[in-house]
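Just so it is clear: chains get the letters A, B, ... in the order the sequence lines come, proteins before strands, and each one is counted from 1.
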Amino acid sequence: MENTLVIYNSLTRKKETFTSIHPKHVGLYVCGPTVYGDPHLGHARPAITFDLLFRYLEHLGYKVRYVRNITDVGHLEADADDGEDKIAKKARLEKLEPMEVVQYYSDRYHEFMDALNVKKPSIEPRASGHIIEQLQLVKDILDKGYAYECNGSVYFDVEKYNKEHHYGKLSGRNIDDLLSTTRDLDGQSEKKKSYDFALWKKAAPEHIMRWPSPYSEGFPGWHLECSAMSAKYLGEEFDIHGGGMDLLFPHHECEIAQSTVANGHAPAHYWMHNNMITINGQKMGKSLGNFITLEEFFTGSNDLLEKAYSPMTIRFFILQAQYRSTVDFSNEALQAAEKGFTRLMEGMNNLEKVKPGDNSSFDVAAFKAKCYAALNDDLNSPILIAQLFDGVKQINNMIAGTANLTEEDLTAFKTLMRSMVEDILALKNEAASSAGQNELLGNVIDLMLQLRMDAKKNKDWATADRIRDELQNMGLIIKDTKDGFEWEIK
RNA sequence: GGUCGGUUGGCCGAGUGGCUAGGCAGUGGUCUGCAAAACCAUCUACGGCGGUUCGAAUCCGCCACCGACCUCCA
């Protein structure tokens with residue numbers, strides 16, 4: 001009877017019933033953005049996926065501590081052979097302080113996440129603010145003998161670790177396969193094995209972002225921040241670790257190895273990975289240069305876009321696919337999502353107008369059970385949305401008088417629809433909010449349309465049509481309804 | 001090359017061993033001074049070849065194609 005949330009655990013490759021370590025509390029860690037570029041559609045996917053999880057867990061009554069980091073240090077440039085920090089490189093190009101770049105893109109990220117109605121995490125720690133914790137972790141791993149120092153850099157000894165643990169258990173790899181498939185990278189010659197990874201990296205002379213350490217002036221390794229910060233804020237053992245599928249290997253694999261050495265056990269019980277957004281069947285990503293930024297979506301300023309798409313359209317578009325499936329971008333799909341979203345929002349508006357009847361023509365409890373069943377099955381948002389469209393159909397039928405609910409059932413139905421749409425999927429009516437921003441303008445438009453109604457009553461079609469056409473030319477959408485009119489700003 | 005995943009109707013996208021996914025588009029209808037919008041109804045499907053089964057798009061095998069990871073990536 002109680003809600004039983006089942007989530008797909010990447011670690012076991014199975015759907016598992018979710019049980020939190022501490023009753024009624026959930027620790028959730030999600031890999032956040034690297035702030036050296038404008039947020040794009042790919043960033044929206046994990047943010048929205050785990051926002052849904054965050055909201056649903058809270059809805060179920062859990063107290064959730066949601067930690068999502070900001071990576072502002074550390075990652076190596078793929079095409080650069082100097083091992084230069086990404087952020088430092090961008091900073092030099094733009095003649096800015098690295099922290100200025102970080103600040104700018106962090107703000108941009110937050111701005112667009114707000115637009116997408118993504119709830120802020122409980123804690124948003126920065127890698128650069130946790131150098132001490134990361135250095136402690138390096139020392140700990142060194143002391144335990146699972147790392148070695150070479151020319152001021154410290155590397156994790158994968159081979160040694162693999163003797164007692166399975167390095168690759170998350171991503172389904174084994175150490176022998178890795179040997180033959182790793183490429184040449186900077187510092188490869190310093191490492192004992194190509195699959196060893198850096199815990200601390202000595203900074204090249206031109207490197208701006210650097211911190212003192214017992215090993216060298218340098219910066220922490222690529223995967224260390226998440227191990228350090230998750231342990232700091234959620235404990236050595238926590239419930240759920242999330243992130244994009246592209247982080248599964250090596251990033252999360254390395255995290256597991258580091259944390260396992262430091263703490264004696266693996267960090268997270270459940271690992272969740274959202275799939276990628278594709279464009280023409282290919283992953284949308286920075287390295288491929290085929291990404292569309294969120295700003296471009298919202299303004300339509302990209303050649304690939306036929307028009308602008310609102311934040312809620314993007315959110316709905318992403319929620320229309322289950323998080324473990326790829327979503328293929330196309331204008332056709334976006335426009336379909338836009339229309340579907342509008343239909344859902346109109347249904348929600350109509351819900352307010354529904355009057356109770358003497359009996360109930362459909363089963364609210366069964367409908368409710370279907371909604372929860374969808375969410376409980378590994379956050380199956382597309383199924384939930386399909387159910388909600390059934391709800392919309394019922395709303396419209398009730399307005400038309402071909403369906404009805406008793407007062408008690410109607411109250412339950414309204415509560416359910418609102419909590420699903422507004423609280424859990426976090427979709428909101430954009431048209432209503434934009435009109436509400438300017439009361440004076442709204443009143444003027446209402447007056448004009450009232451005059452049009454009068455003209456219609458007098459069969460003065462010329463005046464009626466003129467008012468409609470001119471308002472439309474100004475960018476309004478005018479809709480006649482049975483007993484009046486509706487309008488919105490396009 | 002290794003590992004993993006996918007292939008559903010015009011498009012997107014769920015799911016399941018036999019019972020309508022849903023949205024968009026299309027078609028028919030209702031409403032309407034006209035138009036738009038809205039609402040109602042409705043058609044087209046499960047990559048190929050074998051196998052298991054009373055029955056498979058759903059399970060198994062093979063093949064084809066696509067993608068992800070193996071390098072920073074959401």
Side-chain angles (χ1 to χ4, degrees), chain A residues 10 13 30-34 36-37 39-50 71 74-80 85-86 168 171-174 176-186 195 222 242-251 253 273-278 281-288 291 316-317 320-322 324-344 346 350 374 377 380-390 392-393 396-397 399-400 402 456 459-461 464-465 468-469 472 477-482 485-486:
Chain A
S10 305
R13 285 165 221 221
V30 174
C31 292
T34 305
Y36 73 105
H40 58 79
L41 190 58
H43 290 101
R45 186 102 198 250
I48 289 171
T49 296
F50 293 105
T71 298
H75 291 263
L76 294 170
E77 195 83 79
D79 48 353
D85 190 299
K86 265 183 183 172
S171 54
R173 284 152 217 262
N174 65 62
D176 298 324
D177 296 337
L178 291 169
L179 251 194
S180 54
T181 56
T182 30
R183 291 193 199 175
D184 283 343
L185 279 175
D186 173 57
Y195 45 60
W222 322 337
M245 231 169 224
D246 48 352
L247 298 177
L248 210 134
F249 188 90
H251 183 60
E253 202 71 70
H273 293 93
N274 63 275
N275 214 318
M276 303 290 104
I277 287 176
T278 59
Q282 213 184 20
K283 185 174 102 171
M284 186 180 282
K286 276 173 202 146
S287 51
L288 295 163
F291 63 90
F316 185 77
F317 173 66
Q320 260 191 314
Q322 207 268 350
R324 283 191 291 121
S325 302
T326 55
V327 185
D328 197 58
F329 156 84
S330 71
N331 281 285
E332 212 178 349
L334 257 317
Q335 282 163 32
E338 183 175 52
K339 288 185 181 167
F341 171 67
T342 304
R343 180 174 152 81
L344 181 61
E346 304 229 330
N350 287 337
D377 184 13
N380 199 324
S381 50
I383 290 283
L384 173 60
I385 289 170
Q387 295 302 332
L388 294 175
F389 276 114
D390 281 348
V392 168
K393 189 174 282 186
N396 293 328
N397 285 335
I399 300 259
T402 55
K456 280 172 70 176
K459 299 201 189 297
D460 178 3
W461 308 128
D465 289 356
R468 178 181 66 197
D469 295 346
Q472 279 176 339
I477 295 172
I478 310 298
K479 297 175 191 172
D480 288 359
T481 61
K482 209 173 285 177
F485 53 81
E486 284 175 3

Item to check | Residue pair A/Ala464 / A/Lys456: nearest heavy atoms and the distance that separates them | outcome: CB-CG, 3.7 Å

Next on the checklist: Could you tell me the Watson-Crick or G-U partner of B/A57, where both distances fall under 3.5 Å? Say none if there is no partner.
Outcome noted: none

Item to check | For B/G67, the Watson-Crick or wobble partner whose two distances fall under 3.5 Å | outcome: B/C4

Item to check | Mate of B/U52 where both pairing distances stay under 3.5 Å, Watson-Crick or G-U | outcome: none

Checklist entry - Of A/Phe316 and A/Gly281, whose nearest nucleotide on RNA chain B comes first from the 5' end? => result A/Phe316

Checklist entry - To the nearest Å, how far apart are A/Lys479 NZ and B/C31 C1'? => result 16 Å

Checklist entry - Does A/Gln320 use its side chain to pair, donor to acceptor, with the backbone of A/Ala337 at less than 3.5 Å? => result no

Checklist entry - Has the side chain of A/Arg468 got a donor or acceptor that lies under 3.5 Å from a partner of the other kind on the base of B/A36? => result no

Checklist entry - Is any side-chain N or O of A/Lys393 under 3.5 Å from a base N or O of B/C40, one able to act as donor and the other as acceptor? => result no

Checklist entry - Angle class for the A/Phe316/A/Phe389 ring planes (parallel below 30°, perpendicular above 60°, tilted otherwise)? => result perpendicular

Item to check | Mate of B/A21 where both pairing distances stay under 3.5 Å, Watson-Crick or G-U | outcome: none

Item to check | Identified pairing partner of B/C39, criterion: Watson-Crick or G-U wobble below 3.5 Å | outcome: B/G29

Item to check | Nucleotide of B/C12, B/C70, B/A21 approaching A/Ala333 most closely (side-chain heavy atoms) | outcome: B/C12

Next on the checklist: Could you check whether A/Asp465 pairs with A/Arg468 (Lys NZ or Arg NE/NH1/NH2 to Asp/Glu carboxylate O, under 4.0 Å)?
Outcome noted: yes

Checklist entry - Taking the P atom of each, how far is B/G15 from B/C73, in whole Å? => result 29 Å

Checklist entry - Considering only side-chain heavy atoms of A/Asn396, which listed nucleotide, B/C40, B/A14, B/C70, is closest? => result B/C40

Next on the checklist: By the 4.0 Å heavy-atom rule, please label A/Gln282 as base, sugar-phosphate, or nothing.
Outcome noted: sugar-phosphate

Checklist entry - How many Å lie between CD on A/Glu338 and P on B/G13, as a whole number? => result 17 Å

Next on the checklist: If we ignore hydrogens and angles and just use 3.5 Å, is the side chain of A/Thr402 paired with the main-chain N or O of A/Asn397 as donor and acceptor?
Outcome noted: yes

Next on the checklist: Can you measure A/Leu344 atom CG to B/C39 atom P for me and round it to whole angstrom units?
Outcome noted: 11 Å

Checklist entry - Among B/A41, B/C4, B/A21, which is the nearest nucleotide to the side chain of A/Ala386? => result B/A21

Checklist entry - Rounded to the nearest Å, what distance is computed from the CG atom of residue A/Asp465 to the P atom of nucleotide B/A37? => result 16 Å

Checklist entry - What nucleotide, of B/G22, B/C34, B/A14, holds the atom closest to the side chain of A/Phe389? => result B/G22

Next on the checklist: So for A/Asn275 and B/G5, does any side-chain atom that can act as donor or acceptor lie under 3.5 Å from a complementary atom in the base?
Outcome noted: no

Checklist outcome for this item: Among the nucleotides B/C24, B/C70, B/G22, whichever has the atom closest to the side chain of A/Lys339 is B/C24

Next on the checklist: Classify A/Gly42 by what it touches in the nucleic acid, base, sugar-phosphate, or nothing, heavy-atom distance under 4.0 Å.
Outcome noted: base

Next on the checklist: Any side-chain N or O of A/Asn380 below 4.0 angstrom from OP1/OP2 of B/G15?
Outcome noted: yes

Next on the checklist: Could you check whether any side-chain N or O of A/Asp377 sits under 3.5 Å from a backbone N or O of A/Asn380, counting only pairs where one atom can act as donor and the other as acceptor?
Outcome noted: no

Checklist outcome for this item: Walking RNA chain B from its 5' end, the first of A/Met276 and A/Gln387 to be reached, judged by nearest nucleotide, is A/Gln387

Checklist entry - Expressed as a whole number of Å, how far does the P atom of B/A56 sit from that of B/A41? => result 32 Å

Next on the checklist: Could you tell me the Watson-Crick or G-U partner of B/C34, where both distances fall under 3.5 Å? Say none if there is no partner.
Outcome noted: none

Next on the checklist: Please pick, from B/C34, B/A41, B/C11, the nucleotide with the shortest atom-to-atom distance to any side-chain atom of A/Asp480.
Outcome noted: B/C34

Next on the checklist: Would you measure the distance from the P atom in B/U58 across to the matching atom in B/G48 and give it in whole Å?
Outcome noted: 10 Å

Checklist entry - Of the nucleotides B/C73, B/C70, B/G13, which has the atom closest to the A/Leu247 side chain? => result B/C73

Next on the checklist: Tell me the interatomic distance from A/Arg13, atom CZ, to B/U3, atom C1', rounded to whole angstroms.
Outcome noted: 8 Å

Checklist entry - Are A/Glu346 and A/Lys479 side-chain neighbours, meaning at least one heavy-atom pair lies under 4.5 Å? => result yes

Next on the checklist: In whole Å, I'd like the distance from the CG atom of A/Asn274 to the P atom of B/C73.
Outcome noted: 14 Å

Checklist entry - Picking from B/A38, B/C70, B/C4, which would you name as closest to the side chain of A/Glu346? => result B/A38

Checklist entry - For A/His40, which contact category applies under a 4.0 Å heavy-atom criterion: base, sugar-phosphate, or nothing? => result base

Checklist outcome for this item: One should read off an interatomic distance between A/Leu41 CG and A/Leu334 CG, to the nearest 0.5 angstrom, of 7.5 Å

Checklist outcome for this item: Of the candidates B/C40, B/A37, B/A21, the side chain of A/Asn397 sits closest to B/C40

Checklist entry - Taking atom C1' in both B/G51 and B/A68, what distance in whole Å separates the two? => result 31 Å

Item to check | Touch class at under 4.0 angstrom, heavy-atom based, for A/Ala321 against every strand present | outcome: sugar-phosphate

Next on the checklist: On the nucleotide B/G23, are OP1 or OP2 found under 4.0 Å from the side-chain N or O atoms that A/Arg343 carries?
Outcome noted: yes

Checklist entry - Reckon A/Thr402 touches a base, only the sugar-phosphate, or nothing at all at heavy-atom distances under 4.0 Å? => result nothing

Item to check | Side chain of A/Pro382 - closest among B/G22, B/C70, B/G13 | outcome: B/G13

Checklist entry - Using the C1' atom in both, what is the distance from B/G6 to B/G13, to the nearest Å? => result 14 Å

Checklist entry - For A/Gln322 and B/G22, what is the distance between atoms CD and C1' respectively, to the nearest whole Å? => result 15 Å

Checklist entry - What distance, rounded to whole Å, do you find between the two C1' atoms, one in B/U16 and one in B/G50? => result 23 Å

Checklist entry - Any side-chain heavy-atom pair from A/Arg45 and A/Asn275 closer than 4.5 angstrom? => result yes

Checklist entry - B/A14 phosphate, OP1 or OP2: any side-chain N/O from A/Ser325 under 4.0 angstrom? => result yes

Checklist entry - For atom P, what is the distance between B/G17 and B/C60, given to the nearest Å? => result 12 Å

Next on the checklist: Please report the distance separating the P of B/U71 from the corresponding atom of B/A14, rounded so that it comes out in whole Å.
Outcome noted: 29 Å

Next on the checklist: Taking any heavy-atom pair under 4.0 Å as a contact, classify A/Thr278: base, sugar-phosphate, or nothing.
Outcome noted: nothing

Checklist entry - What is the distance from CG of A/Leu248 to P of B/U71, rounded to the nearest Å? => result 14 Å

